[in-house]
Amino acid sequence: MRDSTSAVLGALPSRPVLQREDVARNVLRWFAYVFVALALLFAVIAQVHGDVFFFRLATEALIYGGFAMGVDLLLGYTGLLSLGHALFFGLGAYTSAVVLKGLAPSFWLALAVTLCVSTVVGAIAGIIAIRARGVYFALITFGMAEVLAKAVFNTQELGGSDGIIGVPVIKANFLFFTVDTGNAAHFFFLVLAVIMVFYFALEALLRTPFGRLVVAIKANEDRVPFLGFNAQRHKLGIFVIAANVTALSGALYPMLRGFVSPELLYFHSSGNAVITVILGGVGTLIGPLFGSVILTGLKSIIGSYTEHHLIVIGLLFMCSVMFFPKGIVGSLKGLVESWLARRKEQS
Amino acid sequence: MSGFIDTLQFVFAPQIINGLSIGVAVVLMALGLTIIFGLLDVINMAHGEFYALGAYVGVTLMAIGVNFWVVLLLVPLIMAPLGYMTERLFIQRVFHQKDRHILTLLLTFGLAIVLEDVYKLIYGPQALSVKTPIGGGSEVLGVFFPNYRLFLMAIGAVIIVGVWLLVYRTSLGAMVRAAAFDKDMASSLGVPVSHVYAGTFAFGVALAGLAGVLLAPVYSVFPTMGKDFILLAFSVVIVGGLGSIKGALIAGLVLTQIQAISSLYISPSWTDPLVFAIMVAVLMIRPQGLFGRLGHA
Amino acid sequence: MNSSQLFCRMLLTALAAGFSGIASAQPAEPIKIGVLTPLSGTYASLGQQVRWGIELATKEINDAGGIMGRKVELLFEDEEANPAVATPKAEKLFQVSKVDFLTGTVSSASTLAVGQVAERNDRLMATTVSFSDAITGDKCSPNVFRVNAKAGQQSVALAEWLSKAKPDAKVFYLGPDYEMGRSTVHAFKAAAEAKGAKTVGEVFAPLDNKDYSPFFGQIRAARPNVMYTSVAGNDTVRLFNQMSEYGLLRNLTVVGASGTVTSQNLGAMGKNAEGFTTGVGYSVDLDIPENKKFVAAFEAAYKAAPDLYGADSYGVMYFYKAAVEKAHSTDTAKVRAAMEGLAWMTPQGKKTMRAGDHQAVQDMYVTSLKDGRFKVLSKVDGAAAIGPDTCKRF
């Protein structure tokens, strides 16, 4: 099989042209499959031990991974650092809690209402935020999250500083079977499925012309209008999508824990997501999922020795920013790609 | 009529004066932040933690018997080399890369997380109270005020004037402004730019540490104290204009006055989101803030 | 007992456990009780008293042979006065440590949240501190019991006193902004207004607030002659000291919730707290023989005086013991049935657990701080103070 680059020059290729980005995306897809395989392996081991605690912990890791995917979509692909993404995570969590507790204990209704609310809020927030670039974008998103956090904290109807407790355990209806969110193992599988659906949907989105344009915006935003495209509209679109992914992940949180509190909206939460993305691998989408699992695991392990796990995680994060800005998956992906390239040369 | 004057004297005046004492403290914090951004283009997310560090160092010194006034002089002298080292060791590493804005933001954010937990580790999560060095109160315009807060206003004003003079009236300040305006030109004119960078960062950090000690008797010292204050400081810096000293001063005083007066009508807990909302509005309408940048203003 | 006696006892217990494993039904496994209380943060001093009270009672119970021959084992976790932290820790205590009973929650919000966890795990819990009326009112739970006095009981006594001491009261309310703060303010406001007091202002400050001066503007504008506050722990210290610094304590009568000023934070406030009056279910000076014995044992063990939290936490262990002994089992349903209507001995005399809402009935007192000690001014009978049963769930 001839090398892809020579196929570009000239005659109609008999196979679709494989650009370097496509190779990269395929490699990432393999990482995604590995992730799912590891998750299933974990599930089998945990089920055998009849465990509940670790299933719930893993589910939480997945939910936060979904949160981080939204951040990665903005940072890794559009070049926008969102320091206030907890706004959407908290928005999704609170909306879901209010629906489940106040309206009806329905899984689909909670997700649907969350999607509507986050699209609207995402659009408004997006219009406010995307006028600014770089550091100012980060500060605006940071400011918006703070305003919402304090507002929710002060609002008694949303539970004030105590949050909303008493979210009921529900059964998610899937036509042929139902999943009981109270069952730790079943809910884990449900969340895994949901998060992977998000991943593959986003991944497919990024292969479309829309997705490619978004990446072009990151590369050089000023040139895009000269190519005939409206950068602002695309940025807004991606912002809303990122908001939705994070909000829907947040909607799963009260189903797991039975409560929501203003802490979910604080800067600490946004910051965690950013750390997850950087450690996992910015611009890879699957990196944040790995990052979230690793971070949750680290916190748990270090947490059993000392309360001060943040020192270790903070130092790891700083090292990553200084020496390994591509993160774990990013660096591994580079290794795999060069290995593949060498194999191709040899064949 | 007399009822109105009465209200003015007993209700509004104390709020305004109290707001001034808080405002001066916020301006001190914001000054360091804005100078660091104005020159280095670095958003120092760890600024609040340096503020806390100053307070903790102060508490430690006072615990071994050092007098408060001596501590006030010592802390900036201790903080400055720490700031210098932070700049050389950490910030410089990512400074010359393309995504430097985001990378330095993330790096200082990571540093902030580590520092906060270090404080918790060494000193524990409980708030440590510091005895007010000037006790008692005085009548100002017929209302009783703690003397220490009046002192804070005075010393804060002195420091702010001092910083302004330093930046705009000395050759050291001129070097800093030159490096901010055009670093290559300044370098070719003999300004030691990398030392200026590190030195400016050190200065900003020292200011934050000094603010930490000054405010310790009012707010007590606890691991999350940096986080509480930094949000307000950022709002001030953004509204005033990232990099503008004049902006930090005016925005700091105005925003804290808005907080003080509005707390008469809404619960004081809502004055913080109010300030953040103002910040977001300013970012939308005039992202460069009220005034320009250091070197450009 | 000395170490060789202890060793023999352990040896015998181990042998007995071994043999009973072969011979009969239950090994003498310890009864595990989870204590989820603030060990850090603003309310750490309250958690300290809770811990002391529970440990003292546990030691006495274990020394006397335990509950039905089983030793009591305590497992401590830090709730940080935060329901988001308390809930996963409660789950851990129930599921991983497998505790039979849980107590120690201080924050009313944590008590409510942990109560839900208890229901999900089919276990019982009791609070010894939380004031919020909702816990045994509209948010009551079949798995939650309260051995201390709620906000409503405190308010009845205090409002009665206020209407006599200051008939022309203009009251300003300042409470911490969470479940307990809001419910205590609400309860006292209702009781005081019913007796003719006027409300001139109400504001809530965040828990752990450092600087109260922004709140003084509204106080100055309202010109009250009475202030009611339900802050606690370090917040009280800051509030009172700052009010004194700003000259606001002049010509102001300060009243508040039971836990606002206690032996734990009194030292830091000194004369700034002088004159503080409250309605409370316990005082160190109570002239009851059980109390004198309790105070002596407490001071000997911890070199500190007990406050209402220490006393009530001491009482909860005996409450549980009495219930288990009455039920002859630690099974949740049986113990619950035994607890409802149970009367047991505490440092405050005999308390009864009302079956309808799981609220303890006890006598209430009005005390005032004079020269650093709480003096009892008046007393209200338990039945008069308890108020109606508003719990509809069971």
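Side chains included, hydrogens not; waters and symmetry mates left out as well; all remaining heavy atoms used. To find a chain, count down the sequence lines: A is the first, B the second, and so on, and within it residues start at 1.
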- Task: Could you tell me which residues in residues 103-119 of chain B have at least one non-hydrogen atom under 4.5 Å from a non-hydrogen atom of chain A, sorted by residue number?
- Result: Leu103(B), Leu105(B), Leu106(B), Leu107(B), Phe109(B), Gly110(B), Leu111(B), Ile113(B), Val114(B), Asp117(B), Val118(B)
- In Å and rounded to the nearest 0.5 Å, what is the CD1 to NE2 distance from Ile122(B) to His308(A)? 9.5 Å
- Mind ranking Ile128(A), Leu310(A), Asn154(A), Leu81(A) by heavy-atom pairs under 4.5 Å with chain B and telling me who comes out on top? Asn154(A)
- Looking at Met45(B), Lys227(B), Lys120(B), which has the largest count of heavy-atom pairs under 4.5 Å with chain A? Lys120(B)
- Which of Lys150(A), Met318(A), Arg131(A) touches chain B most, by non-hydrogen pairs under 4.5 Å: Met318(A)
- Message: Report which part of Leu75(A) has an atom under 4.5 Å of a heavy atom belonging to chain B: side chain, backbone, both, or neither.
- Response: side chain
- Message: Are there over 12 heavy-atom neighbours, none belonging to Tyr123(B), within less than 6.0 Å of that residue's OH?
- Response: yes
- Message: Less than 4.5 Å to any heavy atom of chain A: does that hold for the side chain of Met284(B), its backbone, both, or neither?
- Response: both
- Message: A side-chain contact here means heavy atoms from C-beta on lying under 4.5 Å apart; do Phe323(A) and Arg93(B) qualify?
- Response: yes
- Task: Find the distance between CD1 (Ile43(B)) and CG (Leu83(A)) and round it off to the nearest 0.5 Å.
- Result: 9.5 Å
- Query: Pick from Val321(A), Val147(A), Ile311(A): which one has the most heavy-atom pairs with chain B under 4.5 Å?
  - Reply: Ile311(A)
- Message: Is there a side-chain contact (heavy atoms from CB on, under 4.5 Å) between Phe142(A) and Leu231(B)? Walk through the geometry before answering.
- Response: CA-CA 9 Å; Phe142(A) 170 71; Leu231(B) 309 179; 3.0 Å; yes
- Message: Which atoms of Ile313(A) are under 4.5 Å from chain B, going by heavy atoms: the side chain, the backbone, both sets, or neither?
- Response: neither
- Message: For the OH atom of Tyr136(A) and the NE2 atom of His101(B), what is their distance to the nearest 0.5 Å?
- Response: 8.0 Å
- Note on the structure: Whatever's closer than 4.5 Å to a heavy atom in chain B on Phe153(A) counts as neither
